[in-house]
Amino acid sequence: MERAQDRSAEQTAQRYEDPAPDRYGDRPPGRPPLRDHEDRAARGPVEPGTDLELLVHGVGGTTPEKMLGDPRTVRVSGDDTAAVFRRAEDVEDTGEAGEAGEAGAAGSAPAGRDPRGGPVREAYVWCNLTSGDGSRALWLLLLPFMVVNLAHWMRPAAPGRPRTVRLYGLLVRLTALTLTVLLVAAVCEVALDLVAWQCASAPACVRRHSWLGFLAPAAPGAPAGAGGWWSAPGRRLALAAVVPTALTGLLWYLSHRTWRAYESHRPLSPDAEPDPNATEREPDAVAERDDADATGPDAEARPDPRGSALARPGFWYGRRLVARLRAAHTAAGLLTVAAAVTVPAARFDRRPGGAAVLDILGWALLAALATGAVAVVWVVCRRGRSERRLDRRLDRHLVRRLKLGALALLLLALLYAGWSRPGWQSAGGLPGASAFGILMLAQGVVIVALAVVARILYRRRPDPRTGMRGLGGPAVALLACALGGVISGGVAQRVADWLDGTRALLAGPPALLTWQASVIPPLIAVLLLLAAALAVRTARLARAERAHVRREYPGEPEDPPRTRAIAHARAMATLTDSVPLVVAVLTATTLLLGAVALAGAAATGKTPDGAADHTPHLVRAVAETSQALGSWLVGLGFVLFVTWGRRAYKDASARRTIGILWDVGTFWPRAAHPFAPPCYAERAVPDLTWRMVTWTRRTGGRLVLSGHSQGSVLAAAAAWQLPPSVRTRVALLTYGSPLERLYGRWFPAHFGPPALAALHRDIACWRNLYRRTDPIGGPVRIPAGTAPEVDHEPLPDPVAYGRTLDHPLPAPILGHSDYPSNPAFTRERARLLTRLLPGLPAQRPDPVRPDPS
């Protein structure tokens, strides 16, 4: 049986092998002609048996020692953040060495075969791109920004609808901009309204918090000027504005620092020979042709002949886009602070008998702020991604002038608010609280429009396996806005309770923020009911699966606990396929509760407990309980969020719990929100591409790109970026891969069936391994009719039901881990190598170039 399979594999492998090109580099029929740089890359002396397996680990990371199965490993390329490792024995045998100074220079000799059999193995370790010291756990506070950035990439595949695709990207970017304004406005609410405006003006609140004493105004009946210089309301606001301004500056700094570390890594250019000495940054004098892709809103709107935008040269080079969006969002944050300071002062100056000069200055400043807001929106609407080429230009004038202009307006606002205004006193809430309701309403309108656009795109190419029938992007954008609103409302409510425990001294935050925090308990109740329903369904599925388990292990003595354990593992693995249902229920509940909160706050103008004063006792009790629990749950959730995130960055086992969600979120470039956590793939994909191109160019050998879990996604993205001459010598081996189960369903425009089928056609050969007990990996489901098939039949897990001669001890249920331990792994890797192009022509002399003189 095994020999028959081998013969079949050899026969089908011939479909992947090209006839050897002639000495002039002609391509066989069916293959595109090589470009000049690809022809040069394809040449080189061929060493018989030069086989390499490049391993890419998955979620949670690992060590090179575990990946290579050897305690002695050497770094042959890379740095402390991401690097390629080999066994020390292989480095000694081949003459390669790493930066540590071992025998010879890196890459000085071609690779050979592993003396123990099989190809030489290299491990690409990228876990430090998404983990590190505990301070990175603070990135979790940027979760709403990361979630809304995901919505940009979740659009349905819709060839031939470029304008609709551009509109989709525009709506997502506008939603992301509202989140930045919401975050800064929430901090302004806490610092300017609750602390500087309300608490500092209430003597009883100042006595409870003595550190606010220098802000307290003079007592009633005191002589004029008895209060301190900072006691004037405008000056208090100007001083408190330092907090949201500092937050905006911190976000800008983090985005700029990660921009230089991640987005500045240039991918391999298809228009030029790989140049190891090329600098990361482009000089100011670089002049690029200004085609439609350089200024168009969304380059991904154009259909790609390779099936996925991930094959485009500029997909993993987002320096220019992130710089533009960072300037726009930074300016939006500064303008929000300026508006929060200006509006109360301008309203006081418009009173009868007010100073005419200040009134004119207030109107002029408000007009300037409105002009700045229009400029920010214009930049966000006008500027999209450029993927067709490496967009090396930076809009330096735009990036600098937009931020500096917003900063200048903020300084003018602080000066205007701090001007002396006799008789001005702060009472009640800070004017401008209705901005939260307007912002929430605007978010709802934009997301509804986004859902309509997404549905139109989905109907262009419907796919039943697409998550939520194309509405995944709008749902995720809604959840991002809801998460930002709940956090804002909960933090404001907790600070108000801390400042005024009696709830009698302060007016408190705007009613809408309290309503938003109060929806948390009913939302949690709905999620608990959904979890109970899924648990019941999983238990039923586990009972039904026991019969299948017994049929798959015939001839074994019955072991009920063992059967239940295997069936339970398989049933639990199917919960991943229930994610669309969970997201749909969560989105519908969030939309309903958000509408209730907005309507309740607008209709009553009171908090939930205040609005329920004249209602039955049960309704009043529910309202009071929801309001109290909501603020406490936000505070508790905030603490747990940071502590769990810090533990996840230090503890590998804890990281695997949330690692898949975090790694999916940070896999994608920052196309919608510049303050989202950085995209690690913009470093990892160029690393893998450069390594494969330079290795195949030097040796002319065969290469198996072996990716596990999230590593298989990186491997596929790197394979898309390879030149055609290199792709014919690269085989793809994926295992435990979420390519179709997760990425194909939620990101159909980039990993849908046409994209994966195109990848299957582009590379020489591809094999995918998976288990039924794996909650993450699954089949890639390449459309029928392809030969040979990509998906291997499900691997048995465990490999043995009971104790056997080969397995005297109970075999573990591996689920998502340890795929290489299965014999099918080595067998399929060997078959992939036999299908690859066996040989290439020797190097021909370079043409004589004319003397420049």
Side-chain angles (χ1 to χ4, degrees), residues 144-183 295-302 309 318 321-322 324-326 328-329 332 373-387 438-461 466-485 583 587-588 590-591 594-595 598 665 668-676 746-750:
F145 301 159
M146 183 188 76
V147 173
V148 76
N149 191 69
L150 276 180
H152 175 89
W153 304 105
M154 297 176 71
R155 67 170 178 84
R161 301 298 296 267
R163 293 183 178 179
T164 311
V165 171
R166 293 191 187 106
L167 179 59
Y168 181 94
L170 167 62
L171 293 174
V172 175
R173 292 198 299 274
L174 289 177
T175 305
L177 183 63
T178 63
L179 278 177
T180 298
V181 175
L182 175 62
L183 172 67
T295 57
D298 277 324
E300 69 269 20
R302 303 184 180 185
L321 172 70
V322 176
R324 293 194 303 257
L325 289 180
R326 183 177 64 249
H329 282 247
V374 171
V376 168
V377 174
W378 180 86
V379 171
V380 172
C381 293
R382 182 69 180 87
R383 303 289 186 168
R385 288 178 56 80
S386 298
E387 298 171 354
I438 297 174
L439 189 61
M440 185 177 179
L441 181 61
Q443 288 178 338
V445 171
V446 172
I447 289 175
V448 170
L450 184 65
V452 173
V453 172
R455 189 62 184 176
I456 294 174
L457 292 175
Y458 175 77
R459 294 177 62 182
R460 180 75 177 182
R461 182 190 285 173
T466 299
M468 298 182 63
R469 297 298 191 269
L471 295 179
V476 167
L478 175 63
L479 293 180
C481 294
L483 185 60
V583 175
T587 303
T590 301
L591 183 61
L598 182 60
W668 295 99
R670 293 184 277 195
H673 207 300
F675 297 156
W746 292 102
F747 307 99
H750 302 89

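- In this structure, CZ in R161 is found 6.5 Å from CD1 in I456, a value given to the nearest 0.5 Å.
- For the pair V377 and L174, the minimum side-chain heavy-atom distance is below 4.5 Å.
- Separating the CZ atom in F675 from the CG atom in L179 is a distance of 12.0 Å, to the nearest 0.5 Å.
- Of all heavy-atom pairs spanning G485 and L182, the tightest one is N-CD2, 3.7 Å.
- The closest donor-acceptor contact from the side chain of R155 to the backbone of G473 lies at 3.5 Å or more, if one exists at all.
- With sequence neighbours excluded, the residues that form a ring-ring contact (aromatic ring centres under 6.0 Å, His included) with F747 are W668, Y743.
- Here the closest heavy-atom approach between residue A454 and residue G470 is recorded as CB-O, 3.4 Å.
- Between atom CG of residue N149 and atom CG of residue L325 there is a gap of 9.5 Å, rounded to the nearest 0.5 Å.
- Between V165 and A158, the shortest heavy-atom contact is CG2-O, 4.4 Å.
- Checked by atom type and distance alone, the side chain of R670 never pairs as donor or acceptor with a backbone atom of V322 at under 3.5 Å.
- Under the side chain to side chain donor-acceptor pair (under 3.5 Å) criterion, T180 pairs with H329, H673, not counting sequence neighbours.
- Taking CG from L478 and CD1 from I447, the interatomic distance works out to 4.5 Å, rounded to the nearest 0.5 Å.
- Side-chain atoms of P159 and R461, non-hydrogen and from C-beta on, do get closer than 4.5 Å to each other.
- Note that NE2 of H750 and CH2 of W153 are 5.0 Å apart. Values are rounded to the nearest 0.5 Å.
- Nearest heavy atoms, P748 versus A157: O-CB, 3.9 Å.
- For the pair Y168/H152, no side-chain contact is recorded, criterion being any heavy-atom separation below 4.5 Å from C-beta on.
- Closest approach of A477 to L450, counting heavy atoms only: CB-CD2, 4.0 Å.
- Sorted by first and then second residue, the side-chain hydrogen bond (donor to acceptor under 3.5 Å, both in side chains) pairs with a member in residues 445-456 form an empty list; sequence neighbours excluded.
- Under the side-chain contact (heavy atoms from CB on, under 4.5 Å) criterion, L183 pairs with F145, L247, L251, sequence neighbours left out.
- When the side-chain contact (heavy atoms from CB on, under 4.5 Å) test is applied to A332, the partners found at least two apart in sequence or on another chain are L177, V181, V376.
- Although no hydrogens or angles enter the test, the distance criterion places a donor-acceptor pair under 3.5 Å between the side chain of R173 and the main chain of V380.
- Residues forming a side-chain contact (heavy atoms from CB on, under 4.5 Å) with V147 (at least two apart in sequence, or on another chain): L143, V476, A480.
- Remark: A451 pairs with L471, P474 by the side-chain contact (heavy atoms from CB on, under 4.5 Å) rule, at least two apart or across chains.
- Annotation: side chain to side chain donor-acceptor pair (under 3.5 Å) contacts of T178 (sequence neighbours excluded): Q443.
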